[in-house]
Structures are given as structure tokens and as C-alpha cells.
Number of protein chains: 2
Amino acid sequence: MKLSGGVEWAVHCCVVLSQAEGPVPAQRLAEFHGISRTYLAKHLQQLSRAGLVSSTEGRVGGYALTRPGGEITLLDVVLAIEGREQAFRCTEIRQNGPLPASPQACKKACGVARAMHAAEQAWRESLKGVTIADLAVSVEQDAGPDTFVRVREWLGT
Amino acid sequence: MKLSGGVEWAVHCCVVLSQAEGPVPAQRLAEFHGISRTYLAKHLQQLSRAGLVSSTEGRVGGYALTRPGGEITLLDVVLAIEGREQAFRCTEIRQNGPLPASPQACKKACGVARAMHAAEQAWRESLKGVTIADLAVSVEQDAGPDTFVRVREWLGT
DNA sequence: GTTAACGCGGATAACTGATATCCGCGATTA
DNA sequence: TAATCGCGGATATCAGTTATCCGCGTTAAC
């Protein structure tokens with residue numbers, strides 16, 4: 001089980017965007033994080049399709065958050081990049097073999113699937129409790145109070 | 001993000017083993033669940049290496065749980081199959097680019113990684129709260145009180 | 001009006017990991 | 001001695017991730 005590396009990129013980009021003043025081009029976000037421009041573009045397009053960021057085309061285009069950082073959760077970003085499917089996928093093996101479960105019993109999900117999905121729900125709830133704004137605060141605490149001032153400066157360059 | 005299909009197989013096998021009277025061969029477990037014998041064998045070997053099941057070789061060999069079902073959690077099985085690595089892997093992109101985080105600040109994990117790992121911890125805690133015995137009970141409730149009697153009967157065939 | 005910077009979608013390719021099978025080996029028992 | 005079993009290695013296939021490139025339309029500056 002592995003999360004796409006794009007999740008990390010997307011989250012960090014959202015934190016930067018939450019502190020930017022205007023639209024930030026993908027090129028700029030890629031440079032800032034030292035990552036591939038073309039591949040990052042794909043992930044930003046996913047964020048755009050999910051409605052988390054808006055894109056402006058043309059000469060001075062780029063990406064911006066559609067909502068304040070406090071209204072975008074980590075879960076929003078993760079689902080936008082990873083998709084909304086559950087990590088655990090029940091293949092209903094209880095219906096196989098010499099003693100298959102009755103169609104009657106299979107109306108509800110099996111105990112294994114229920115437990116796995118409950119765990120995944122706990123994961124999602126935890127991610128839901130963290131916003132981009134929260135992460136921005138933690139970055140500021142770790143890297144110093146002038147961090148985003150310098151980020152904005154560099155973005156304006 | 002997707003969990004290995006082997007997790008589902010392994011969990012269901014553990015439930016069956018918790019109700020078996022002697023060692024159950026991989027062949028038998030595969031037949032019972034209508035799945036590939038050779039591939040299931042690989043997963044059972046992983047459970048064996050993790051210490052969740054013991055294997056007896058030879059003519060009347062097979063697999064058995066090393067502990068009562070109540071002492072084996074869903075998390076034990078998932079980690080045995082999926083490995084113990086976190087799904088989210090921080091690549092420290094904060095250290096890249098024109099404004100890299102200071103080595104000082106990087107002594108602790110970044111806020112993004114902390115939040116992702118906290119969510120994963122919540123997932124693990126949830127899995128830790130469910131035992132094989134719990135799952136056996138839920139199977140019995142869903143499929144009827146004589147279910148495991150018939151399972152043992154078929155295994156003995 | 002032309003040019004340059006930008007986002008968008010499609011095509012493509014390399015690489016990785018999951019899925020799956022087969023084989024020979026040693027162990028055990030009928 | 002033969003049949004049944006687990007074990008590990010080699011191998012093949014397939015899907016998903018990672019990544020790049022291209023042409024297209026859009027927009028602003030010159």
C-alpha cells in the first residue's frame with residue numbers, strides 16, 4: 001500500500017497557494033519545490049478538476065485556491081489526487097467455494113469489509129480534521145515567522 | 001492507493017483457521033475460498049514469517065494459528081501482508097528549491113508528514129481494535145450459527 | 001498583429017509493484 | 001517407496017505510477 005507521491009506535491013503546492021497573492025504558474029510551483037514541471041502540471045489539473053484550485057489561462061495565468069486555506073482539508077487534496085475509491089476492495093470471496101454465503105447474507109457487506117472500511121473512515125476523518133491553513137501555520141512555526149514573506153517575495157520575482 | 005488483494009485472502013484464511021481443529025493445508029484453504037492455490041501459498045508464507053501462523057511440513061501438514069483468534073488483530077494480518085512501511089512517504093521536498101528549509105527545522109518531520117502519519121495511525125488503531133475472533137463472530141451472525149460446524153465438517157473431508 | 005507565457009488534453013514510454021505460475025527441494029507420514 | 005505437504009527461487013504478465021512531449025487554444029504585453 002503506497003500513496004502516490006503526487007499527494008505530497010499537491011499538498012505543499014496548496015500551502016504555497018494559500019499564501020500567494022495572485023495566480024501562480026505551474027512552472028513557478030515546480031521550481032519552488034524542485035520537482036518536475038510537466039508532471040506537477042498533471043496533478044494541478046487534477047486539483048483543478050476537483051474544484052480545489054482555479055486556473056487562469058494566458059500570459060499571466062496560473063493557479064489559485066478557490067477557497068481560503070481554512071476551508072480546504074487534507075482529505076480534499078488526497079481524494080483529488082488518489083481518487084475516491086477505497087483502498088480495500090472486497091472481492092466477495094465468501095461467495096466462492098463449496099460453502100458459499102447465501103445471497104440473503106450478502107445483502108450487507110461482510111464483517112471483514114466492514115472492519116476495513118471503518119478503519120479507512122477513521123483515516124479519512126483524521127485527514128478531514130486538518131486544513132491547508134493548519135499546515136501553513138505549522139510550516140511557519142517550523143521555518144520561522146518570515147517564511148511566507150520570503151515565499152511571496154520569491155513568487156513575485 | 002490500493003491494498004493488496006492478498007489482505008482479504010489472508011484475513012478470511014485466519015478466520016477459518018481460528019475455527020479449525022488441526023493444521024489446514026494451503027490447498028484446502030484455497031479450495032474453500034475459490035482462489036489460486038499457488039498464490040495463496042505465498043501469502044500464507046508471509047503470515048508464517050510474521051509469526052501469526054505456524055506451519056507443519058509433511059504428509060498431514062498445513063497451517064494453524066499460533067495464538068487464539070482473540071489475540072490476533074486485523075492490523076497484525078494487514079502489516080504481515082502489506083509490510084510495515086507507511087503509505088505516505090515524505091520525500092522532504094521542503095529541502096528543495098530556492099528557499100530550502102534549514103537543517104535545523106528538518107530535525108522534526110514537516111507538518112504535512114505529521115498530519116499524514118497521524119491519519120495513518122488512526123487507521124492502524126482502528127484495525128488494532130478488531131480481532132480475528134471478532135470477525136468470526138460477525139461471520140457467524142451473518143451466515144448462521146451452524147456455519148463453522150459445516151466449515152469444520154468440510155475441512156475434515 | 002505578432003509573440004511569448006500560460007493551461008489543457010492526448011499520446012507515449014519507462015519503471016515499479018501486484019498478481020500469478022511453476023519448479024525442485026526437503027520434510028513427513030501412510 | 002510413494003504421496004502429500006511447506007518452502008524458496010525463478011519467471012511471466014499485467015496494471016498503475018511516474019514522467020515526458022506535443023499540439024492546441026487562451027491571454028496579455030509589445
Side-chain angles (χ1 to χ4, degrees), chain A residues 1-10 13 17 20 22-31 33-66 78 80-83 85 87-89 91 93 155-157, chain B residues 1-10 13 17 20 22-31 33-64 66 78 80-83 85 87-89 91 93 155 157:
Chain A
M1 187 183 45
K2 190 175 161 262
L3 273 167
S4 156
V7 170
E8 186 187 5
W9 296 8
C13 282
L17 289 180
V24 183
Q27 169 73 44
R28 215 93 187 103
L29 287 170
E31 273 178 43
H33 294 109
I35 57 183
S36 152
R37 181 199 145 273
T38 58
Y39 192 32
L40 176 63
K42 295 296 180 194
H43 294 306
L44 292 172
Q45 285 165 31
Q46 286 183 279
L47 294 182
S48 178
R49 277 192 288 267
L52 301 181
V53 304
S54 63
S55 61
T56 53
E57 296 191 346
R59 187 70 170 72
V60 291
Y63 293 92
L65 296 186
T66 56
V78 170
I81 301 297
E82 283 287 323
E85 265 188 86
F88 179 85
R89 290 148 207 202
T91 63
I93 62 175
L155 287 176
T157 307
Chain B
M1 188 183 46
K2 191 175 162 260
L3 272 168
S4 158
V7 169
E8 187 186 5
W9 295 8
C13 284
L17 290 180
V24 183
Q27 170 72 44
R28 216 92 186 103
L29 287 169
E31 271 177 46
H33 293 110
I35 57 183
S36 153
R37 181 200 145 272
T38 57
Y39 192 32
L40 176 63
K42 295 296 181 194
H43 294 306
L44 292 172
Q45 283 165 32
Q46 287 183 277
L47 294 182
S48 177
R49 277 191 288 266
L52 301 181
V53 303
S54 63
S55 61
T56 53
E57 295 191 347
R59 188 70 171 69
V60 291
Y63 293 93
T66 55
V78 170
I81 302 297
E82 284 287 323
E85 267 189 85
F88 178 84
R89 288 149 208 203
T91 63
I93 62 175
L155 288 176
T157 307

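Proteins get letters first, then strands, A, B, ... in listed order; numbering begins at 1 in each. If you're wondering where the values come from, they're calculated on a predicted model, not measured in any experiment.
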Among the nucleotides D:dG6, C:dC22, D:dA29, which one has an atom lying closest to any side-chain atom of B:Thr38? C:dC22
Which residue, B:Gly58 or A:Ala26, contacts DNA chain C at a nucleotide closer to its 5' end, judged by nearest heavy atom? A:Ala26
In whole Å, I'd like the distance from the NZ atom of A:Lys2 to the P atom of C:dA18. 10 Å
Whole-Å distance between D:dG8 P and B:Gln46 CD? 11 Å
Which is more 5' along DNA chain C, the nucleotide nearest A:Ser55 or the one nearest A:Met1? Just name the residue. A:Ser55
Kindly indicate, with the supporting measurements, whether the criterion side-chain contact (heavy atoms from CB on, under 4.5 Å) is fulfilled by A:Thr157 and A:Arg28. CA-CA 10 Å; A:Thr157 307; A:Arg28 215 93 187 103; 3.6 Å; yes
Integer-rounded Å distance: C:dT29 P and B:Glu57 CD: 11 Å
Residue A:Trp9, side-chain atoms from C-beta onward, closest of C:dT19, D:dA19, D:dC7: D:dA19
Phosphate oxygens OP1/OP2 of C:dT19: is one of them under 4.0 Å from a side-chain N or O of B:Ser36? no
Does B:Lys42 get its side chain close enough to the base of D:dG6, under 3.5 Å, for a donor-acceptor pair? no
Look at the side-chain N and O atoms of B:Tyr63 and state whether any lies under 4.0 Å from the OP1 or OP2 oxygen of D:dC7. yes
Hey, what do you get for CD (A:Gln27) to OG1 (A:Thr38), rounding to the nearest 0.5 Å? 10.5 Å
Could you tell me whether B:Arg28 contacts a base, only the sugar-phosphate backbone, or nothing, with contacts defined as non-hydrogen atoms closer than 4.0 Å? nothing
Calculate the interatomic distance between A:Glu8 atom CD and D:dT17 atom C1'; express it in whole Å. 15 Å
Sequence neighbours excluded, the answer for side chain to side chain donor-acceptor pair (under 3.5 Å) partners of B:Glu82 is none
Can you check whether B:Gly62's main-chain N or O pairs, donor with acceptor, with B:Thr56's side chain at less than 3.5 Å? yes
Nearest to side-chain heavy atoms of B:Val60, which nucleotide of C:dT29, C:dC8, D:dT18: C:dT29
Separation of D:dA10 P from B:Gln45 CD (nearest whole Å): 15 Å
Whole-Å distance between D:dC21 P and A:Gln27 CD? 13 Å
Using a cut-off of strictly less than 4.0 Å, decide whether B:Ser48 has a side-chain nitrogen or oxygen near OP1 or OP2 of D:dG6. no
Nearest-Å distance, CD (A:Glu85) to P (D:dA15)? 15 Å
Nearest to the side chain of B:Pro25 - C:dT19, D:dC5, D:dA19? D:dC5
Taken to the nearest whole Å, CZ/A:Arg49 to P/C:dG7 is 14 Å
With no hydrogens and no angle check, is any side-chain donor or acceptor of A:Thr66 less than 3.5 Å from a backbone partner on A:Leu52? yes
From the list C:dT21, D:dT27, D:dA19, which nucleotide is the closest neighbour of the side chain of A:Arg59? D:dT27
